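As structure tokens, the structure follows; a few thoughts come after it.
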Amino acid sequence: MSETPAQLIAWIPELIYQANGFADGMALVCDGSDSIVRLVHVDQLTDERRINLRRRAILPGMINAHSHAFQRVIRGRTEYRTANQRDSFWTWRELMYSAATRLTPEDVYDASRMAFLEMALNGITAVGEFHYLHHAPDGTPYDDPNLLAKEVVRAARDVGLRIALLRVAYARSGFNTDPNPRQARFIESDAELYLKSVQALAASVGNPTVREGAGDDAGDEKSAGTLAHARVSDTSWVGIAPHSVRAVPLDYLKSVAAYANEHDLKVHMHVAEQPAEVSACVEEYGRTPVALLQSEGLLSERFTAVHAIHVTPKAIASFAGTRAMVCACPTTERNLGDGVVPADEYLKHGVSICLGTDSHAQIDLFEDARELEYHLRLQKLERVVVSGGASGGGDDSGTFPDGRVSALATRLFDCATVNGARSIGAAAGTLAPGTPADFFTIDLDDPAVAGAAAHDLLPAIVFSSSRAAIREVVVGGKPIVSEGQHLMQEDVIERFNELQKRLWA
Ligand SMILES: [Zn+2]
């Protein structure tokens with residue numbers, strides 16, 4: 001074979017999203033190693049292979065920063081009253097556990113594949129999977145302590161999504177709380193054991209610098225690299241996820257955080273989702289969860305607090321001062337009655353917010369983006385609440401020639417893209433040269449967005465579009481969704497239907 005470089009590919013849509021608006025007449029040029037090489041005017045193209053996308057806009061792939069993929073199996077199955085006087089997050093959790101305790105490794109794969117397929121169809125190209133199913137249903141460790149984590153990674157790879165496997169540390173039911181047998185699959189009671197599994201997993205799926213001491217499970221040799229951000233070509237990598245201050249006692253938490261610091265790993269943690277979690281922390285430590293994390297030096301720019309709903313102004317300042325991020329999951333938070341993320345306060349103080357579909361009651365990151373704003377409108381009886389002020393991420397100062405500003409839509413879209421990428425360490429979230437060719441298209445003639453001009457298009461997409469408008473999804477230069485259909489769609493759905501029949505018969 002000759003040494004001629006692989007031919008460049010030019011994707012030529014009608015509009016391409018840039019930091020604060022859409023440009024026309026441009027082509028997105030990608031190389032054979034799956035990266036974006038440049039954005040050029042169509043007139044400047046030479047011998048690139050051209051792919052014309054008529055009546056399409058290209059946008060950067062979205063990043064789902066918080067997912068529990070297996071929870072897809074309980075969709076629609078928790079929407080009824082239990083025997084309790086008052087249903088809540090805690091009664092929902094028992095229903096969720098009843099499913100979590102019954103899944104085999106193959107079931108975890110099939111459920112995850114279903115969740116990831118739906119994400120792909122929704123324009124999501126990378127996911128942060130907060131993974132806490134580790135053992136057999138009775139709590140016995142599998143021979144490979146990462147068996148289930150690997151099934152989830154395999155599901156993401158087969159669907160074509162990039163995945164940050166945020167391996168969860170879970171030590172106990174809670175402060176002064178009896179063990180709950182339904183949590184037996186999650187528990188790794190000491191930090192050393194947990195970290196050994198993290199090392200082994202990192203060696204097998206990615207994270208080249210987490211190899212020392214990884215033992216026999218060390219996978220392919222890879223060149224050393226920085227972990228805080230995956231390399232462009234990485235399809236999977238590992239992060240640290242102490243479940244919550246409820247589930248991980250302070251000493252354990254400190255060991256895990258020290259390891260994350262040493263290896264430059266992302267750290268995700270559920271924080272202040274429910275008032276009861278905050279009061280239990282005050283009872284145990286005399287401090288709120290965020291105050292505890294702050295005083296113990298556990299907040300950093302690699303830290304993402306998932307939910308962070310029930311917080312004080314001081315907590316918001318702590319996140320701002322340490323550049324820690326918040327991951328809001330509004331569709332789940334409204335489903336569970338968790339409360340409203342004070343996104344306006346976070347953004348005012350420069351705290352970056354990313355988004356997650358969490359329990360998968362619905363998988364639609366645009367819905368999460370708009371709910372971030374809409375929940376505050378209902379609360380404050382105002383409109384356009386999270387626009388303006390200091391930006392937590394991305395530049396939202398874009399104005400258009402006619403004076404109209406889409407700062408709100410830009411800010412919400414940043415949450416779904418650049419902020420999510422920073423949170424999970426994906427080298428994605430924009431269409432900049434040197435980043436992976438991860439993007440999706442919107443049909444400009446879809447009824448939800450028809451008639452929008454270039455400067456109105458982003459707000460039309462963010463506030464009004466649905467999955468039907470998303471037609472192509474490309475990850476690493478490879479199309480995984482075409483004309484609104486995933487290449488493996490039939491098989492994934494068939495297997496999932498069978499699983500659901502077995503689980504709920
Ligand atoms: Zn969660």
Side-chain angles (χ1 to χ4, degrees), residues 63-75 78 88-97 99-100 103 108 111-112 115-116 118-119 124 126-134 148-149 152 156 163-171 173-174 180 182-183 185-186 239-248 253 266-278 281 289-290 293 303-311 324-341 353-365 367-368 371-372 415 420 423-424:
I63 314 292
N64 188 359
H66 190 69
S67 157
H68 307 285
F70 81 86
Q71 291 181 13
R72 176 62 183 79
V73 302
I74 60 166
R75 180 182 293 181
T78 62
S88 67
F89 168 88
W90 305 102
T91 57
W92 168 86
R93 197 182 68 160
E94 287 303 313
L95 296 172
M96 182 269 285
Y97 284 172
L103 299 170
V108 168
S112 302
F116 297 149
E118 196 180 352
M119 289 179 203
I124 290 164
V127 59
E129 176 66 23
F130 198 100
H131 175 79
Y132 56 84
L133 287 181
H134 301 316
L148 297 179
V152 176
I163 182 169
L165 198 292
L166 307 165
R167 198 182 186 287
V168 171
Y170 206 113
S173 195
N180 179 342
R182 289 173 136 185
Q183 295 167 340
R185 298 194 88 168
F186 323 156
I240 296 281
H243 181 278
S244 55
V245 291
R246 168 177 57 75
V248 184
L253 186 56
K266 297 291 185 185
V267 181
H268 281 220
M269 187 173 189
H270 292 130
V271 177
E273 178 175 8
Q274 283 284 323
E277 175 201 330
V278 176
C281 184
V290 182
L293 296 170
F303 188 93
T304 296
V306 181
H307 306 299
I309 294 169
H310 303 283
V311 294
M325 298 183 70
V326 166
C327 180
C329 307
T331 58
T332 291
E333 288 151 4
R334 68 180 173 181
N335 184 280
L336 299 181
D338 285 339
V340 175
V341 173
I353 298 177
C354 56
L355 299 170
T357 60
D358 194 1
S359 70
H360 310 312
Q362 188 178 4
I363 295 177
D364 182 344
L365 222 50
E367 180 70 5
D368 283 288
E371 293 309 328
L372 197 62
C415 294
S423 169
I424 69 166

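Whatever order the structure lists ligands and atoms in, that order sets their numbers, starting from 1. Quantities reported herein were computed from a predicted structural model and do not represent experimental measurements.
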Whether H307 has an N, O or S atom under 2.8 Å from the Zn ion (ligand 1):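 No, since none of the N, O or S atoms of H307 sits under 2.8 Å from the Zn ion (ligand 1).
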
N, O or S atom of C329 closer to the Zn ion (ligand 1) than 2.8 Å: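 Looking at C329, which is the residue asked about, there is no N, O or S atom under 2.8 Å from the Zn ion (ligand 1).
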
Of E129, H270, H268, H307, the residue whose pairing with H66 passes side chain to side chain donor-acceptor pair (under 3.5 Å):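 Result for side chain to side chain donor-acceptor pair (under 3.5 Å) with H66: H270.
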
NE2 (H66) - the Zn ion (ligand 1) - NE2 (H270) angle, nearest 10°: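 Rounding to the nearest 10 degrees gives 90°.
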
Beyond-backbone contact of I63 with C354, side-chain heavy atoms, under 4.5 angstrom: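 No, their side chains stay 4.5 Å or more apart.
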
The Zn ion (ligand 1) - closest N/O/S atom in D358: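 Closest to the Zn ion (ligand 1) among those atoms: OD1.
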
For the Zn ion (ligand 1), the closest N/O/S atom belonging to H68: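 When I compare the N, O and S atoms of H68, NE2 is nearest to the Zn ion (ligand 1).
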
Side-chain donor or acceptor of R182 paired with backbone N/O of E94 under 3.5 Å: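 Judged by distance alone, yes, a pair lies under 3.5 Å.
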
Residues forming a salt bridge (Lys or Arg N to Asp or Glu O under 4.0 Å) with R246, sequence neighbours excluded: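 Salt bridge (Lys or Arg N to Asp or Glu O under 4.0 Å) list for R246, sorted by chain: empty.
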
By salt bridge (Lys or Arg N to Asp or Glu O under 4.0 Å) - contacts of R75 (at least two apart):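 Applying salt bridge (Lys or Arg N to Asp or Glu O under 4.0 Å) to R75 gives E118.
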
